[in-house]
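Working notes for the structure below.
Both counts, for ligands and for their atoms, begin at 1 and track the order of listing. Counting begins at 1 with the first residue of the sequence. Since we're looking at a predicted model, the values are computed, not measured.
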Amino acid sequence: MSDIVFALPKGRLAERAIEVLEKCDIDCRFLKFDTRELVLTDSNKQYKFIFVKPSDVTTYVERGAADVGVAGKDTILEQNKDIYELIDLKFGKCRMCVAGFENDKKTSYGNLKVATKYERIAREFYESKGVNVDIIKLNGSVELGPIVGLSDVIVDIVESGATLKANGLTVLEEIFSLSARLVVNKVSLKTKSERILPLVKKISEAIV
Ligand code: PRP
């Protein structure tokens with residue numbers, strides 16, 4: 001019987017994901033070791049866990065290199081991959097926001113420069129308002145945008161708000177709320193349903 005390959009996002013979501021897996025009676029002690037190994041197998045040899053960049057989870061799952069994974073709703077919406085999103089895991093809660101300097105609150109969006117890691121989300125948000133904006137794609141530290149004059153505002157996730165506060169920025173508009181989701185490869189759900197469906201059920205029960 002082949003392992004179920006489970007893609008876990010490195011970083012802030014991993015710890016919470018492991019907590020949920022432990023509640024599902026999956027032995028996760030090995031996942032807590034301080035190791036540089038990127039592929040780890042559980043003691044019952046049922047799961048192979050791979051640790052990937054959070055924004056890459058959906059790619060591994062879409063391509064079938066992983067059967068299941070944990071991905072932020074921000075990544076799912078931004079990447080729009082051909083995968084199933086099965087469960088709201090209720091952790092990793094944060095908000096997608098427009099942020100900038102408090103006194104820069106604009107009533108009109110004309111010529112607004114928007115720095116973001118989330119090009120699609122930002123474009124769709126401003127399109128829904130019927131305004132053209134200049135979207136500047138960055139890969140991180142987007143709070144720098146308004147500070148150094150690269151952009152007027154940013155579209156980014158806000159969790160504790162500490163990063164905005166530390167940089168003198170504030171939320172100007174909330175776009176939507178986010179959380180982590182369990183995502184599944186479409187073929188795996190058919191071909192490995194006898195193993196994936198009970199796992200999905202256990203996870204659903206573990207998060208209530
Ligand atoms: C994310 C996000 C904000 C920050 C928000 O960045 O882009 O910068 O977290 O969290 P907070 O509201 O709790 O401060 P991340 O830590 O993923 O790093 P990055 O800027 O390199 O993408």
Within the 4.5 Å heavy-atom criterion, are [X] and [Y] side-chain neighbours or not?
X      : Y      : answer
Leu77  : Arg120 : no
Ile4   : Ile196 : yes
Leu172 : Val153 : yes
Thr116 : Lys137 : no

Students should find this: residues with any non-hydrogen atom under 4.0 Å from ligand 1. What is the answer?
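Ligand 1 pocket, heavy atoms under 4.0 Å: Arg12, Lys117, Gly140, Ser141, Glu143, Asp156, Ile157, Val158, Glu159, Ser160, Gly161, Ala162, Thr163.
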
Does the Lys NZ or Arg CZ of Lys186 fall within the cation-pi geometry relative to Tyr84 - under 6.0 Å from the ring centre and within 45° of the axis?
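Yes; both conditions hold, so Lys186 lies above the ring face of Tyr84.
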
Under the side chain to side chain donor-acceptor pair (under 3.5 Å) rule, what do Tyr118 and Asp74 come out as? Steps first, then yes or no, please.
CA-CA 8 Å; Tyr118 302 97; Asp74 53 330; 2.5 Å; yes

